[in-house]
Amino acid sequence: MEQTDHLALPVPRRWRDAALDQVGDALATFVDTCVHPVVVVPLFLASMTDSSVTVGVALAFILAATALAYPVGAALERRAAYQQGGLIGAFGLRALALYALAGVAMFAGPGHAPPLALAVFLFVAIGLLGGFARPLRLELASGTSAEAPLGGLRARWALAGGVAAVLGALAARPLLVVGSPLLPASYARLLILAGLILTLATTVAVLLRPAAPAPPRGFLADARAFPGLVFDNLAYGRFLFFRVLYAIGAIADPFYILYATRELGGSGRAAGAYLLALAVTRAVAVLVWRSLRPRWGNQLVLQLSAFVRVLAPIVALTLPPLLGAAALRDRLPGDNAVSLVAFGLVFVAYGAAGAGLDLAAPALQAAITAPRERLDAAVVTNLALALGALSIIVGGVIVDRFGYAILFIVALIAGLAALLACGLLEEPGLVVMRAPPGERAPLRRRRRPVRGE
């Protein structure tokens, strides 16, 4: 593959359009933090049911819907007729779903039958619309296709999103504290705030003048690249194997916050602090990964991200039992307060690892695939991530039957497997391809030199 295949320069744009793009994307990231799938959504669902399996099933459907919607948005963002309209529609419908969910929360107080099925349906719709809008947000924010190896553009986009996530966590934290103990109705104000911010983001999207997308090749042209991507590109096959194992490692992600609230006695104040710690760490980690990636490459960033993520189950397994032991419990003030503070390291590790993955994984995937393969790669990768999200259901079963400790051990094993699989990744350079049988050079015997030649 020629080096020019890896280049994707942004379309020149006026400063007004670029500023509106960044504002709209920052507002959407603000909303994503207010309905964070690792902190806010599990707490909301747990306030309506005591079954960890139910929470796991709901989270699996939400994350699977988000992953499956991404390639649909990536396909539409190359068509000018759907690019801006698709983003406006996704933002607007998502805002309506947030308002509806706030209404469900207000009427799900004590003494009322919790409309859990309706809440799960609305959360799935919110995730589906968020996944659909994400590649459109990326294209409008940078002027570059979501299928391109973005490099520094994606880094700047991630940094702006990290700052917006911190502001979202700061806004969400007092609203979570107001409703302590956490009940469904206590989330209504947070959801209304998220809906208002997303309504503002919809208005910004209406004012945008998007860059001209790359000319679409059509469905048949994309479909012809699929066999070569799946069967011949060994580098992408190894990358996909890593992404599947990393997705399976999410088996415990939504249950960390449930462990903190149900087992360690955490309240809304602790949940808000964890959300803020996650957002701040993610924003700071973007700066760290940005400094490492140009010099050491995306592979090292992914390896370090996988290593940092392994620290989350290790902290959950060791620190709370250690600090709650009889030898230390009487010497530490505040009962479980020290354990709750130490447990925040789980969300610190999660935020740092997520920033590295979001920054390096798409760039590496784009670099090891040809331009004609990138849409197919988006489809295959997100399908694998959707299947990997089903592991969260198994996590809920493990919690209900065996407890949190066994779940954290399983998450540790899955994280170590992803860390080992990361060593198989290949940094281009060249794409590693398997030559078809008809094109392989035939084996030849070495001719012995004749004396006198």
Side-chain angles (χ1 to χ4, degrees), residues 23-49 58-59 62 65-66 87-134 137 161 163-206 257 261 267-276 278-279:
V23 169
D25 181 71
L27 292 174
T29 305
F30 184 102
V31 174
D32 292 340
T33 305
C34 292
V35 288
H36 200 282
V38 173
V39 179
V40 179
V41 177
L43 285 177
F44 183 90
L45 296 174
S47 66
M48 306 175 76
T49 179
L59 262 296
I62 294 169
T66 303
L87 184 64
I88 294 172
F91 278 177
L93 291 175
R94 199 180 188 205
L96 292 177
L98 287 168
Y99 292 138
L101 191 59
V104 171
M106 286 189 292
F107 290 103
H112 296 80
L116 180 61
L118 179 58
V120 171
F121 172 79
L122 291 173
F123 270 126
V124 170
I126 291 170
L128 185 71
L129 294 168
F132 175 80
R134 185 171 176 81
R137 287 165 47 189
V163 175
V166 173
L167 297 178
L170 288 172
R173 185 181 179 188
L175 298 179
L176 287 175
V177 173
V178 167
S180 188
L182 298 174
L183 297 172
S186 66
Y187 296 92
R189 295 183 182 181
L190 180 59
L191 295 170
I192 291 174
L193 172 65
L196 291 174
I197 296 298
L198 199 55
T199 302
L200 180 59
T202 307
T203 305
V204 172
V206 172
I257 191 65
T261 55
S267 61
R269 185 181 301 276
Y274 291 152
L275 183 62
L276 181 60
L278 190 155

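Keep in mind it's a predicted model, so treat the numbers as computed, not measured.
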Review point. Any luck finding a side-chain donor-acceptor pair between Tyr99 and Thr199 under 3.5 Å?
Key: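 Yes - a donor-acceptor pair under 3.5 Å links their side chains.
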
Between [atom1] on residue [X] and [atom2] on residue [Y], distance to nearest 0.5 Å:
X      : Y      : atom1 : atom2 : answer
Leu129 : Leu87  : CG    : CG    : 11.0 Å
Phe123 : Leu118 : CZ    : CG    : 11.0 Å
Leu191 : Leu196 : CG    : CG    : 11.0 Å
Phe91  : Leu200 : CZ    : CG    : 10.5 Å
Leu198 : Leu27  : CG    : CG    : 8.5 Å
Ile126 : Leu96  : CD1   : CG    : 10.5 Å

Shortest non-hydrogen separation from [X] to [Y] and the atoms involved:
X      : Y      : value
Ala119 : Val104 : CB-CG1, 4.3 Å
Ala95  : Gly195 : CB-O, 3.9 Å
Val31  : Ala194 : CG2-O, 3.4 Å
Val120 : Ala58  : CG2-CB, 3.8 Å
Ile192 : Ala102 : CG1-CB, 3.6 Å

Review point. Are the side chain of Thr29 and the backbone of Ala165 linked by a donor-acceptor contact shorter than 3.5 Å?
Key: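 Here the side-chain-to-backbone pair does not exist.
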
**Study point:** Close side-chain approach of His36 and Ile257, heavy atoms under 4.5 Å
**Key:** no

Check your understanding: Does some side-chain heavy atom of Val40 sit less than 4.5 Å from a side-chain heavy atom of Cys34?
Key -> no

Practice item. Determine the sole option in Phe44, Tyr187, Phe121 for which the side chain to side chain contact (heavy atoms under 4.5 Å, CB included) test with Leu101 is passed. Key: Phe44

Check your understanding: Are Leu278 and Thr33 close enough, and set up right, to give a side chain to side chain contact (heavy atoms under 4.5 Å, CB included), and what steps lead you there?
Key -> CA-CA 10 Å; Leu278 190 155; Thr33 305; over 6 Å; no

